[in-house]
Amino acid sequence: MDNEDENGRKSAKWPGRKGIYLLPNLFTTGALFSGFYAVVASMNGHFENAAIAIFIAMILDGLDGRVARLTNTQSDFGAEYDSLADMVSFGVAPALVAFSWALQDLGKIGWVGAFIYVAGAALRLARFNTQLAVADKNFFTGLASPAAAAIVAGTVWVFSETGTPGAEIAWLMAVVVPAAGLLMVSNFRYHSFKGLDLRGKVPFVAMLAVVFVFVVVSIDPAKVLLGVFMTYALSGPVYEAWLRLREKRAKG
């Protein structure tokens, strides 16, 4: 619809015709595409590819925010777009992949478990968006949705790689999937690693450590990545237990 200018003349422009930053949103679109591909691949029975696609979405999701900050191209549009893409890639996609692979064999228990995960991801993202201004930058409240997605996708990847049918471990997935969803809405604190300075200089040994990490991951990507993210998921409850134990000893 045309708008009138200060002289009463109609203008072809409207308030919504504002440009967006291309570079960071390209990474977000790539993450969204990977999440959508994971759903399509699982529908076609390619569960290993679906799991890998979710991990690719994680990499792209991690890059879009950092690229936006490094290039000073942050925007409200980008933040909202990123949140919606996260819901698809790390909320809906992992749940549908797990359901198609194993949980559908459990009937109602299976789809309820998958829904708990989806609801947990939605609530986690909503809480994160509303607490941006007051939250501690160094910690997340609740397990981040990409990490939860990595646990679900990693489990699918590991067993699919070994040729294990999802029906054989359906009950294991019935525990893992909703548990990951509940961790997202928990009050456990997880380190965000946002304090890492990627622009500053680092010792040469740090570069060797990065190379070593790539070597370890390349040995068996599925098992290594699942182990890393399972350890990260458990770090929240362990850290909370340690804090309470320390407070108890201080009072005693």
Side-chain angles (χ1 to χ4, degrees), residues 34-58 86-128 140-188 190 220-241:
S34 296
F36 180 75
Y37 173 81
V39 174
V40 175
S42 68
M43 291 171 62
N44 292 324
H46 305 304
F47 299 110
E48 186 174 345
N49 291 341
I52 293 172
I54 291 175
F55 278 96
I56 293 174
M58 287 181 55
D86 286 353
M87 185 59 209
V88 174
S89 300
F90 310 127
V92 176
L96 289 180
V97 171
F99 180 80
S100 299
W101 181 60
L103 294 179
Q104 63 179 339
D105 295 317
L106 300 180
K108 291 183 179 180
I109 294 177
W111 68 256
V112 167
F115 177 72
I116 290 174
Y117 178 90
V118 173
L123 292 170
R124 168 70 177 78
L125 289 167
R127 181 172 66 177
F128 176 79
F140 293 130
T141 301
L143 183 65
S145 57
I151 293 173
V152 176
T155 305
V156 175
W157 189 2
V158 166
F159 286 101
S160 295
E161 198 175 51
T162 59
T164 304
E168 292 187 6
I169 59 165
W171 286 106
L172 173 63
M173 293 302 292
V175 174
V176 171
V177 174
L182 293 174
L183 282 175
M184 283 190 281
V185 295
S186 70
N187 289 322
F188 296 134
Y190 290 89
D220 193 335
K223 293 178 182 177
V224 171
L225 290 173
L226 178 60
V228 168
F229 283 102
M230 285 293 289
T231 302
Y232 180 69
L234 293 174
S235 69
V238 170
Y239 180 67
E240 182 69 21

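Worth saying up front: this structure is predicted, and the values here are computed from it rather than measured. Quick note: numbers below take in every heavy atom, side chains included, and nothing from hydrogens, waters or symmetry partners.
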Please report the interatomic distance [atom1]([X]) to [atom2]([Y]), rounded to the nearest 0.5 Å.
| X | Y | atom1 | atom2 | answer |
| --- | --- | --- | --- | --- |
| Tyr37 | Ile56 | OH | CD1 | 8.5 Å |
| Lys223 | Thr162 | NZ | OG1 | 7.5 Å |
| Leu182 | Phe188 | CG | CZ | 10.5 Å |
| Thr155 | Met230 | OG1 | CE | 6.5 Å |
| Glu48 | Ile52 | CD | CD1 | 5.0 Å |

Next on the checklist: Please verify the inter-ring angle class for Phe140 with Phe128; under 30° counts as parallel, over 60° as perpendicular, anything in between as tilted.
Outcome noted: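 Phe140 and Phe128: perpendicular rings.
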
Checklist entry - Just wondering, more than 12 heavy atoms not from Tyr239 lying within 6.0 Å of its OH? => result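 Atom OH in Tyr239 is crowded, with more than 12 foreign heavy atoms closer than 6.0 Å.
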
Item to check | Heavy atoms from other residues, nucleotides or ligands near OH of Tyr232 exceed 12 (cutoff 6.0 Å) | outcome: yes

Could you tell me which non-hydrogen atom of [X] sits nearest to which non-hydrogen atom of [Y], and how far apart they are?
| X | Y | answer |
| --- | --- | --- |
| Gly120 | Val185 | O-CG1, 3.5 Å |
| Ala121 | Met184 | N-CE, 3.5 Å |
| Ser235 | Tyr190 | OG-CD2, 3.7 Å |
| Ala150 | Met58 | CB-SD, 3.6 Å |
| Ala53 | Ser34 | O-CB, 3.4 Å |
| Ser160 | Phe47 | OG-CB, 3.8 Å |

Checklist entry - Quick one: are Leu143 and Arg124 in side-chain contact, heavy atoms under 4.5 Å? => result no

Next on the checklist: So Met43 and Val39, do their side chains get closer than 4.5 Å, heavy atoms only?
Outcome noted: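 With C-beta onward as the side chain, the pair touches.
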
Expected list for residues 90-113: side-chain donor-acceptor pairs under 3.5 angstrom, two or more places apart:
unit_1, atom_1, unit_2, atom_2, d
Ser100, OG, Leu96, O, 2.9
Gln104, NE2, Ser100, O, 2.8

Item to check | Residue list, side chain to side chain contact (heavy atoms under 4.5 Å, CB included) with Val88, at least two apart or on another chain | outcome: Leu32

Checklist entry - Taking only residues at least two apart or on different chains, which pairs with a member in residues 158-187 satisfy ring pair (Phe, Tyr, Trp, His ring centres under 6.0 Å)? => result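 Not a single pair qualifies under ring pair (Phe, Tyr, Trp, His ring centres under 6.0 Å).
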
Item to check | Trace of the side chain to side chain contact (heavy atoms under 4.5 Å, CB included) decision for Asn44 with Asn49 | outcome: CA-CA 10 Å; Asn44 292 324; Asn49 291 341; over 6 Å; no

